[in-house]
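By convention here, the first residue in the shown sequence is residue 1.
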Amino acid sequence: FDMQEVIGDIKTEFKTMEPNLTIEIVKSDSTPAKVMDLGVQEDKIWLVDDSSLKFSSLNRERTTDSLIKEFARLMRNENISYFIEGSSLLCLLRGQNLSDVSDVDILVTSKEDIEKIWEVLNKSTIFLNQELKKIVYEKDKILSKKDEIDKIIVKSKNQSYDTEPTNFDINLAYDVGDFYILDYESESYHYYSKEFIEQGRQIEYKDMKLQIPLYAEKYVEQAYGKNWRIPAKKWSYMDYENLLLSNSELMKFIKKGKK
């Protein structure tokens with residue numbers, strides 16, 4: 001799409017706003033200026049904290065729960081190991097709904113398993129009615145080879161117009177010495193101590209059981225810090241405590257781990 005055209009449409013929309021309407025924006029130091037650049041008057045901007053936003057809806061909650069229940073059933077039937085991870089694991093440990101975050105994050109530690117998951121989902125009537133996408137590496141990287149699976153993305157269909165689709169991100173973690181490493185876009189990596197996730201355990205979630213790392217609490221602490229039980233008002237990618245932000249950092253980390 002043409003970004004300039006999108007921005008033009010936004011400016012036009014703001015110019016026609018009713019006099020009594022305001023626009024709700026998440027707080028940041030630069031937000032007011034950026035929004036005013038789009039033609040919104042300062043007195044029409046209402047700044048809120050991240051924690052006050054409601055991302056989900058009843059429809060999205062039902063869709064997310066239905067899909068994760070079917071995913072867990074398929075994995076159990078096929079004897080495939082997986083772990084709920086990331087912000088989704090935080091939701092489970094905090095007693096929240098999985099639909100409260102943008103994606104259901106799922107970690108797999110075997111190339112064979114992620115290939116098998118792709119096959120299984122493509123044989124499932126329920127998942128064939130969703131959008132399924134296999135992302136492969138376009139070139140050789142430090143941890144992977146060209147055409148190997150990077151991740152599997154599931155996006156629900158038939159959502160109501162006012163509901164965000166349910167998304168599953170099924171990611172492959174690479175075994176590097178004492179750690180597993182997740183390879184994200186560009187030169188960005190997350191590392192996790194292998195001892196936290198070499199084994200799993202079940203957690204009760206509504207009317208189902210899901211797989212999480214055996215030491216799930218230590219797992220999330222490594223990523224989100226000791227205060228992970230308290231939802232952050234604002235969170236950015238740079239707030240992760242287990243980041244490697246370049247290929248050179250990754251190489252140093254691997255070399256150090258092998259000593």
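Annotation: side-chain hydrogen bond (donor to acceptor under 3.5 Å, both in side chains) contacts of S144 (sequence neighbours excluded): none. For K155, there are no salt bridge (charged side-chain N to carboxylate O under 4.0 Å, His left out) partners two or more places apart in sequence or in a different chain.
The shortest non-hydrogen separation linking N247 to E187 is N-OE1, 3.0 Å.
Identified under the salt bridge (Lys or Arg N to Asp or Glu O under 4.0 Å) test for residues 118-134, with sequence neighbours left out: none.
Counting only N and O atoms by type, the side chains of T166 and T64 include a donor and acceptor under 3.5 Å apart. Side-chain atoms of Y237 and S188 include a donor-acceptor pair closer than 3.5 Å. Side-chain contact, N242 with Q222: no donor N or O sits under 3.5 Å from an acceptor N or O. Donor-acceptor pairing under 3.5 Å is recorded for the side chains of D65 and Y205. Side-chain contact annotation: S110 with E112, donor-acceptor N/O pair under 3.5 Å present.
Taking the six-membered ring for Trp, F253 and Y191 have ring centres closer than 6.0 Å. Ring centroids of Y219 and Y192 are separated by less than 6.0 Å, placing the two rings close together. The aromatic ring centroids of Y174 and Y180 lie 6.0 Å or more from each other.
A cation-pi arrangement is absent between K218 and F196 under the rule of less than 6.0 angstrom and at most 45 degrees off the ring axis.
Between the side chain of E221 and the backbone N or O of E217 there is no donor-acceptor pair closer than 3.5 Å.
Applying the 6.0 Å contact sphere to CG of N77 captures more than 12 heavy atoms from other residues, nucleotides or ligands. Within a 6.0 Å radius of OH in Y137, more than 12 heavy atoms belonging to other residues, nucleotides or ligands are found.
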